[in-house]
Amino acid sequence: MHLDPHAIWALSLTVVALILFTRDRIPLETSSLMVIVLLAVSFQIFPYENSAGQALKPIVFFAGFAHEALIAVCGLMVAGYAIVRTGALDPVGRGLAKLWAISPSLSILITLIVSALLSAVVNNTPIVVLLLPIMLNVAIRTKTNPSGILMPMGLATLLGGMTTTIGTSTNLLVVSVANDMGLEAIGMFDFFIPAVIAGSIGILYLWLIAPRILPERTPNLEDSGPRIFTAHLHVNEGSYAVGKTLTDIIEKTEGAIQVSGIRRSENTFTVPLPDAKIRVGDRLLVRDTPSALKEYERVLGATLYSKGNEVSDDNPLSENQQHLAELVIDRGSPMIHRTLNEAHFSDVYQLVTLAIHRKGKVLENMPQGIAKTPLRLGDVLLVQGSNENIDEVKRRGHFLVLDATTELPSTKFAPRAMIIMTLTILAAALGLVPIAISAVAGSLAMVLTQCLKWQDIQRALSAQVILIVVASLALGTALTQTGATTYVAYQFVSLTDGMPDRVIFSGLMLLMAILTNIVSNNAAAVIGTPIAISIATQLGLPPEAFVLAVLFGANMSYATPMAYQTNLLVMSAGGYTFMDFVKAGVPLTIIIWLSFSFIVPIMYGF
């Protein structure tokens, strides 16, 4: 069996795409769109006809934007966002928090089970967003190290997500692609029993073993980095600043000082333009660390005031009810790929950013400065501000907020949001309508009942998820139409020739599990599904079983932080390192892999 040039190109582009998907410097959205465009342009310039003489129209690579699976994913993202936004799961969170006062060990088990059950019907990202601050708050109040709680909770949501077709976008994609290729539609709960059996074993591991092998980590919130204070520099007679422009003053402090306002009288402010000249009696509004403020006072020959009094040993700088908090850049945040300056962060939220945490590291000394560093999914901003400003950020829902006083959002719209979500799931589960229709109808109902506003929907939808799904579907189409998947399946069967059917099945699942921890799980799932069907066809085995091998394998995103977005959120909040995920995630992967390798072949009789 040989490959024609188009099949070779499709395979080569797939390899390039999988590499691009792992590059942090290139936004995943950019890589995904690049793949789609390259496919469309290349097949337009070099037309392809299959052996039957049918031409492959390049426009088909954009069909993913209207694919049923993507529509369902978007609808469920919106509905899930409404559940968190309205506080519909507030009673669950408060109940879990109260349990810790009774029995911490039992509470961990119940938290893991509840996390998994919720993730079976709601995308696990909102579940993690809901439970992270609760668990962190509980750990702070009970003086328990959260490292043994947060990661097991996050991994439990991944276990629960693989139990139904709507648990993750990966499941929806695998089921939809398999259906597109002629397989009978897989129902919402068709693989629930084997997933629950394997998941239960995984939950026991996360409860009894994982907390003991995870080292104690200090959450980023405990970082007691330098606090920022607001003060006035009073320009006295004889001060260097008299008659100088603001540019001169900035140069005098070697670019360190940032003047946010110039006060000329009780009711008069001057905009701090670069050419604004400073007069005697002016008060420069500045915000910085105590040591920096005192240095500005010395260099400029000004007098430092705070709360109307001159700063001295008798009247030191005080925090004035300022608090530290963490803002996690989650999927719905408007800050992804933007800098603090571009988003006018300090003006919009009235918070001062002290540091940026990324994948377990603190990025404090960045060449371009904190304010000019593009933010990524999973980054954590260590900020300082008043309780009122922090509460306002929580209310807006732009970030996952972690602080010692975390309170769950609770609104009068919570009951109706829960009713709508329940009806959405039931309609699809009972086969009344496809999940794509019920999810979109549920999203509309959320808007009509005021559970969400349109700007909330914009935040709920992720361009990253949308484009990676479309790119994955486009690659899957190219591989299938050019015969590349049949070739790969043939090579896989040849390599495993003579091995028992169960070993071949298990090998395919393990391959998908390894791939999903390195590249996007959606990409691995969509590319792997047609290959799995070809392998099953060549072996004369049930294709549904091999489709499940891809589905379960692509869900085993346990061993690396970049394998799934919730891993990044957990990593940032808990202060975990890359190796922490390897230590806890690899054993879990082996447990789940071996469980399915035994259960699924028995179900399908081979």
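As a basis for the values below, the full set of heavy atoms in this structure was taken, side chains included, without hydrogen atoms, waters or symmetry mates.
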* Which atoms form the tightest heavy-atom contact between Pro194 and Phe596, and what is the distance? -> O-CE2, 3.5 Å
* Short side-chain to backbone donor-acceptor contact, Thr516 and Ala513, under 3.5 Å -> no
* To do: For the residue pair Phe505 and Phe546, categorise the inter-ring angle as parallel (less than 30°), tilted (30 to 60°) or perpendicular (more than 60°).
  => perpendicular
* Side-chain donor or acceptor of Asn555 paired with backbone N/O of Leu551 under 3.5 Å -> yes
* Judged by atom type as modelled, is there a donor-acceptor pair below 3.5 Å linking the side chain of Asn124 to the main-chain atoms of Thr168? -> no
* Under 3.5 Å, is there a donor-acceptor pair between the side chain of Asn517 and the main chain of Met556? -> yes
* Of Phe46, Tyr487, Phe43, which meets ring pair (Phe, Tyr, Trp, His ring centres under 6.0 Å) against His6? -> Phe43
* For Ala120, does its backbone N or O pair with a side-chain atom of Thr164 as donor and acceptor, under 3.5 Å? -> yes
* In chain order, what residues pass the ring-ring contact (aromatic ring centres under 6.0 Å, His included) check against His67, with sequence neighbours excluded? -> none
* Asked: Can you name the side chain to side chain donor-acceptor pair (under 3.5 Å) partners of Thr170, sequence neighbours left out?
  -> Asn521, Asn522
* **Check: Thr163 side chain, Gly160 main-chain N or O, donor-acceptor pair, under 3.5 Å** => yes
* Could you tell me whether a side-chain N or O of Trp593 sits under 3.5 Å from a main-chain N or O of Ser506, the two making a donor and an acceptor? => yes
* Main-chain N/O of Ile531 paired with Thr485 side-chain donor or acceptor, under 3.5 Å -> no
* So which heavy atom on Phe191 is nearest to which on Met162, and how close? -> CE1-O, 3.2 Å
* Is a donor on one side and an acceptor on the other found under 3.5 Å between the side chain of Arg502 and the backbone of Phe606? -> yes
